2 protein chains.
Amino acid sequence: MVVNIRSSNQTRERIHDAGLALFNERGYTGTTVRELADAVDLTPGAIYNHYPSKESLLFAIIDRVHDEADTILSETLRGVGNDPVAQLEALACAFTAFHIARPRETRVANRDYIYLPSGERDSVVRRRRRVRALFAEVLRDGERRGHFSFGDLGSEDAVQAASMAILNMVVLVAEWFDPAGPRSADDTSALHGRLALRIARGGR
Amino acid sequence: MVVNIRSSNQTRERIHDAGLALFNERGYTGTTVRELADAVDLTPGAIYNHYPSKESLLFAIIDRVHDEADTILSETLRGVGNDPVAQLEALACAFTAFHIARPRETRVANRDYIYLPSGERDSVVRRRRRVRALFAEVLRDGERRGHFSFGDLGSEDAVQAASMAILNMVVLVAEWFDPAGPRSADDTSALHGRLALRIARGGR
DNA sequence: GCCGAGTATGAACGACCGTTCACGCAGAAG
DNA sequence: CTTCTGCGTGAACGGTCGTTCATACTCGGC
């Protein structure tokens, strides 16, 4: 048989999940391999049958949620027309729903990616930049076509600031959203879609 | 002489600064007392003449920047009338300027406060909540007086989401703002003031 | 029934962790 | 001049870190 990198995926997946939970609440550097092993009822050494290092587990977690984010964004974009207003609202709504559904994954990805070795960290940084560029592009497109306006803001190229405002609103929703609160995840996602339009002054 | 908790403040301050720089770029748990000692040309043991523990240094750093934030906010509020529109614009502008001026302090405070012992962490959480409440209160006040409107957003109590959108825009400005970029800190702060008004639909 | 591959154990590795402590030294106070 | 106090050193503390390894068990394929 060829070199088998993958292990019996069941255990590998349990380690992935436990790592996610622990990294989320203690941080990557604040989590030990022994805690991780305890969480999956294994010995520290056994972890290394499934991941070559603690860092590689962090990367697996972060890389996967970036894959999912990319999928969500491109599918959302594919499902809506080429009207920038509809695009922005749909993107902000869908991405908010995504962050509400995956609070631990996105928190670890956004907070602990700095602990990745430089090659993998660079790859993550590139992926993050691509998301920023996507939102900025929709805003710029909408401005060019007269649906959004930033001229009254008294600053040239306000698109960057506006797209970061939208993105930060979306990406940090899980820090305050309460699943037991009065507003549902769907409501909040839709609300963020509207707020994104306010920011771009594209409202109805 | 009475019990002297404070040490010769010069060295204490150098440790504070070095801790700030290191915690910022490596994270609290990713920073060693030995690295800290090296950065201030001291022996690890000497650190303990100035701070009783590594945790206490973290708390000193975080507590100070919270003090400064509170000062900025209350002075800003004192310097402007009681018009909610002016209040919101001034708060968003001043707080953005603050976060641009203190990127390391605010990043450490927002990212690493989770490593504080529970008593001190709770105190930090309370202070953060008070800032959130301040913005929410301005928005609610403005809505009551007809300057802001959230009724068209299709969600009851959109104030919370809107104030978090404003706060997250402001608090994370340092993650993308480039001091060497085309837009100055003052411009960006003013821009955030306007964007806050867009979010609250309080345009002029 | 044997074999080899996959997975686990438990002990151990050297390194490094936050913190302590006995001690030395400089300089202000008496 | 002596004493005391504040601040530093350097060595050491016990503990924990991420990782490795010899060994053993289990189980499907021959």
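A quick note: this is a predicted structure, and the numbers were derived from the prediction, not measured. Chain identifiers are assigned alphabetically (A, B, ...) following the order of the sequence lines, protein sequences preceding nucleic acid strands; residue numbering begins at 1 within each chain.
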Legend entry - Integer-rounded Å distance: D:dG8 P and B:Asp38 CG: 15 Å

Between side-chain atoms of residues 114-122 of chain A and protein atoms elsewhere (two or more places apart, or another chain), which donor-acceptor pairs fall under 3.5 Å?
from     : atom 1 : to       : atom 2 : distance (Å)
A:Tyr115 : OH     : B:Arg26  : O      : 3.2
A:Arg121 : NH1    : A:Leu116 : O      : 3.2

Legend entry - Length of the line joining B:Ile47:CD1 and D:dT9:P, which is rounded to integer Å: 9 Å

Inset, instruction - Could you check whether B:Leu42 gets within reach of a base, just the sugar-phosphate, or nothing at all, counting any heavy atom under 4.0 Å? - result: sugar-phosphate

Inset, instruction - Not counting sequence neighbours, which residues clear ring-ring contact (aromatic ring centres under 6.0 Å, His included) with A:Phe150? List them please. - result: none

Legend entry - Between D:dG6 (C1') and B:Ile15 (CD1): distance, integer Å: 14 Å

Legend entry - Under 3.5 Å: donor-acceptor pair, side chain of B:Arg111, backbone of B:Asn24: yes

Inset, instruction - Provide, to the nearest angstrom, the distance between the OH atom belonging to A:Tyr51 and the P atom belonging to C:dT7. - result: 13 Å

Inset, instruction - Let me know the distance between CG of A:Leu58 and C1' of D:dT19, rounded to the nearest Å. - result: 17 Å

Inset, instruction - Determine, for nucleotides 10-27 of chain C in 5'-to-3' order, which nucleotides have protein heavy atoms under 4.0 Å from the base (write B), from only the sugar-phosphate (write S), or from neither (write -). - result: B-B----BBBB-------

Inset, instruction - Quick one: which residue pairs count as a salt bridge (Lys or Arg N to Asp or Glu O under 4.0 Å) with a foot in residues 168-188 of chain B, not counting sequence neighbours? - result: B:Arg107-B:Glu175

Legend entry - Qualifying residues under side chain to side chain contact (heavy atoms under 4.5 Å, CB included), relative to B:Arg64, sequence neighbours excluded: B:Glu13, B:His16, B:Glu68

Legend entry - Between D:dC17 (P) and A:Leu57 (CG): distance, integer Å: 16 Å

Inset, instruction - Consider the side chain of B:His50, meaning its heavy atoms from C-beta on, and name the nucleotide among D:dC7, D:dT9, C:dA8 that approaches it most closely. - result: D:dC7

Legend entry - Rounded distance in Å - CD (A:Gln10) to P (C:dA8): 10 Å

Inset, instruction - Check the distance between D:dC7's P and B:Asn49's CG and give it to me in whole angstrom. - result: 7 Å

Identify all side-chain donor-acceptor contacts of residues 164-174 of chain A below 3.5 Å with residues at least two apart in sequence or on another chain.
from     : atom 1 : to       : atom 2 : distance (Å)
A:Asn168 : ND2    : A:Met164 : O      : 3.2

